[in-house]
Amino acid sequence: SNSSSTPTRSSRAYSVYQDEDRQNTNTRASIVPETRTIRSSSVAVEPVTPRATEAVRSRFSRTLSIYDDTDTKNDISQVSNGTTEEEPKEYKYTSGYVRFSQRKKEKEKEKEESPPASVSSYRRGRDTSPYSFKTDREKSPSSSITQRTYGGRSNYSNGDDDSNPRFGSNSRYASNNGREKEESPQADSSSSGAGGASGLRNIGNTCFMNSVIQCLSNTKLLTNYLLNDEHVRDINTTNSSMKGSLIKAFATVIKGLWKGNGRVVDPSSLKGAVQRFAPRFSGYNQEDSQEFLRYLLEGLHEDVNRVITKPQPIHTEIDSSLSVCEQAMEAWKRYIRRDDSHLVDLFVGQLKSTLRCSDCNHESVTFEAFWDLSLGIPSKTGEVSLLDCLDTFTKEEVLDGDEMPTCERCKTRRKSTKRYTLYRLPKILVVHLKRFSPSERSRNKLSTTVTFPLNGLNLSRYTDSVSNSSYNCYAISNHSGTLYSGHYTAYAKHAQSGQWHSYNDSRVSKCSSSNVISNEAYLLFFELS
């Protein structure tokens with residue numbers, strides 16, 4: 001059998017996800033100092049004589065004293081029920097509280113351009129949601145190294161935030177996240193009105209999400225499925241934990257991006273749905289875009305899974321006397337009997353692992369499904385090609401010593417070789433570039449530029465498939481910064497015009513195809529040509 005006591009190499013296709021301790025997150029965002037208590041929300045001033053004015057002033061001295069400013073000689077305004085009217089000049093006593101109300105109104109106006117005041121609702125959703133229990137998606141796939149590149153901050157900060165100690169430059173709310181006003185998403189006005197060229201609002205360290213959404217928005221086969229409402233008839237309300245709410249929220253965002261009205265789309269509802277499905281994304285922490293993509297695709301798949309009642313998985317080994325093709329088909333049938341959806345049709349491929357005994361040359365094969373390929377970068381600096389990364393991924397490795405598996409024919413442990421190939425190619429191939437140093441001591445991000453052809457990437461030498469194996473790149477998720485903090489952007493090729501665009505949260509502009517390959521590329525999206 002194709003087995004070993006050592007950990008499998010499935011880490012090549014998947015990443016380790018570990019929960020973070022977010023219990024100490026400060027969720028308060030009040031504009032009023034925490035130690036101050038407001039006793040009254042408004043003060044009504046009636047026309048009175050100067051003597052009565054002094055009486056009024058004396059009566060409310062306790063209430064107004066902490067806001068009073070006797071040096072100010074300006075006329076006051078009448079404040080009643082949140083409205084202001086000009087006061088006759090004869091009423092010239094100074095009310096610091098009136099000025100405080102005016103300042104409060106001004107700050108409330110500024111607050112409209114600030115992020116959500118509290119993430120407590122997200123935390124309550126995470127704690128009380130019926131979907132907050134630990135499921136398989138919260139468990140880590142087998143891998144020896146955690147692969148996460150954090151990002152989320154916006155590059156477009158509002159300078160006014162620095163004046164507020166609660167929203168300083170290091171705050172997760174320091175950017176122009178959560179603006180309610182509509183703004184043009186394009187730096188290049190020539191893109192205005194084109195469907196698919198709208199920006200996404202950064203609602204608080206969510207550029208990792210925005211980058212992934214823009215890449216998926218330009219995935220034609222997925223976008224058409226949503227725009228034509230084909231997903232509605234596929235919604236699985238029987239065994240989907242979200243009962244279709246996640247794909248509905250995602251479809252709403254995609255439809256907003258393709259309206260072509262030049263308006264920035266707010267993804268708040270989608271984020272809320274995602275964090276109900278995967279509570280690890282609650283709050284406004286910087287996250288890894290590949291990790292987010294995997295959870296998002298899994299949740300969308302679950303919502304439209306064609307399998308209404310999941311059968312028990314089959315754990316018995318596939319008959320090795322069958323041909324390789326028959327074994328591959330049996331493995332695929334076992335997979336789709338539990339997981340079968342339009343998302344699987346698009347994104348899932350099949351890896352073949354070949355184990356060969358060095359003593360008798362007997363070969364055994366196993367097959368496993370993958371949603372994306374995580375490829376190591378063989379050089380720390382300079383430039384390598386994507387084919388170099390694939391060569392490393394498919395390179396034959398020797399299993400010896402404690403790693404020796406048991407040979408089916410020899411019936412004993414033998415020195416063997418193991419090699420991966422791509423057996424079933426997906427319609428949409430997502431490649432994750434592992435931008436970390438392979439050394440456990442050094443966790444520096446790799447700045448190596450990985451080059452590849454935008455059109456005609458030929459994978460025939462890495463697959464046994466006799467069908468089409470040529471891919472065209474149509475989207476790239478980029479990460480700038482360090483492994484632990486940074487910013488995500490995206491490049492994507494418009495499905496209709498073929499024009500490449502740069503997506504930076506709410507800002508979208510045209511760009512040249514010659515500029516989309518850089519040392520910041522993190523996720524690569526390819527479609528079969």
Side-chain angles (χ1 to χ4, degrees), residues 1-16 136 139-147 312-335 337 348-379 387-426 431-432 434 436-440 459-466 469:
S1 65
N2 188 2
S3 62
S4 172
S5 61
T6 60
T8 66
R9 288 178 60 184
S10 60
S11 59
R12 283 175 162 169
Y14 304 105
S15 295
V16 173
D136 289 341
K139 299 176 183 178
S140 166
S142 60
S143 177
S144 58
I145 301 178
T146 300
Q147 343 257 326
Q312 291 297 318
I314 300 174
H315 297 297
T316 57
E317 292 187 1
I318 297 175
D319 186 359
S320 59
S321 65
L322 298 174
S323 67
V324 171
C325 180
E326 290 172 330
Q327 291 183 63
M329 182 59 66
E330 174 61 22
W332 184 251
K333 286 180 179 178
R334 290 186 179 187
Y335 182 81
R337 70 191 293 267
V348 178
Q350 195 176 31
L351 283 174
K352 183 181 86 168
S353 173
T354 303
L355 200 64
R356 183 175 61 83
C357 175
S358 299
D359 189 71
C360 68
N361 289 325
H362 174 72
E363 288 189 350
S364 60
V365 295
T366 56
F367 298 88
E368 59 182 297
F370 69 92
W371 285 79
D372 58 37
L373 289 180
S374 287
L375 303 182
I377 301 176
S379 175
L387 297 183
D388 293 331
C389 300
L390 284 164
D391 285 341
T392 302
F393 178 75
T394 58
K395 182 180 179 180
E396 190 174 81
E397 62 176 324
V398 177
L399 304 179
D400 200 0
D402 293 337
E403 296 183 333
M404 288 191 303
T406 298
C407 174
E408 278 185 334
R409 180 178 294 173
C410 298
K411 306 300 181 183
T412 187
R413 297 180 66 191
R414 296 291 191 188
K415 179 180 178 181
S416 304
T417 60
K418 189 174 184 178
R419 180 173 181 264
Y420 276 101
T421 53
L422 307 177
Y423 189 82
R424 178 187 291 267
L425 297 176
V431 175
H432 165 228
K434 298 180 182 178
F436 61 85
S437 173
S439 170
E440 287 293 339
L459 301 184
S460 59
R461 77 189 203 201
Y462 306 105
T463 180
D464 298 335
S465 174
V466 295
S469 58

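Predicted, not measured: the structure shown is a model, and the values here were computed from it.
- Here salt bridge (Lys or Arg N to Asp or Glu O under 4.0 Å) pairs that include residues 350-366, with residues two or more places apart or in two chains, are K352-D464, D359-R414.
- Using a 4.5 Å heavy-atom cutoff, the side chains of D372 and S374 are in contact.
- The two residues C407 and H362 make their nearest non-hydrogen contact at SG-CB, 4.3 Å.
- Annotation: side chain of T392 is not in contact with side chain of L375 (no heavy-atom distance under 4.5 Å).
- Between atom CG of residue D319 and atom CD of residue Q327 there is a gap of 7.5 Å, rounded to the nearest 0.5 Å.
- S416 and C357 get closest at one heavy-atom pair: OG-CA, 3.8 Å.
- Counting heavy atoms from C-beta outward, P426 and F370 have side chains that approach closer than 4.5 Å.
- The CZ atom of R419 sits 10.5 Å away from the OG atom of S353 when rounded to the nearest 0.5 Å.
- Between T394 atom OG1 and L373 atom CG the span is 10.5 Å, to the nearest 0.5 Å.
- Looking only at side-chain heavy atoms (C-beta outward), W332 and V348 come within less than 4.5 Å of each other.
- Taking CG of L459 as the reference point, atom CG of L425 lies at 6.5 Å (rounded to 0.5 Å).
- Of the possible donor and acceptor atoms, one in the side chain of S358 sits under 3.5 Å from a partner among the backbone N and O of K415.
- At a threshold of 4.5 Å between non-hydrogen side-chain atoms, the residues K333 and I314 do not count as touching.
- Between T417 and L399 there is no side-chain heavy-atom pair separated by less than 4.5 Å.
- Taking NZ of K418 as the start and CD of E403 as the end, the distance is 9.5 Å to the nearest 0.5 Å.
- For S320, there are no side chain to side chain donor-acceptor pair (under 3.5 Å) partners at least two apart in sequence or on another chain.
- Residues L351 and F393 have side chains in contact (heavy-atom distance under 4.5 Å, counting atoms from C-beta outward).
- Below 30°, between 30° and 60°, or above 60°: for F367 and Y423 the angle between ring planes is above 60°, a perpendicular geometry.
- Within the 4.5 Å cutoff, no side-chain heavy atoms of Q350 are placed close to those of M329.
- Electrostatic pairing of D391 and R461 counts as a salt bridge here, judged by a charged N lying under 4.0 Å from a carboxylate O.
- For S469 against T463, the heavy-atom pair with the smallest separation is CB-CG2, 4.2 Å.
- Atom SG of C360 and atom CD of E408 lie 9.5 Å apart (nearest 0.5 Å).
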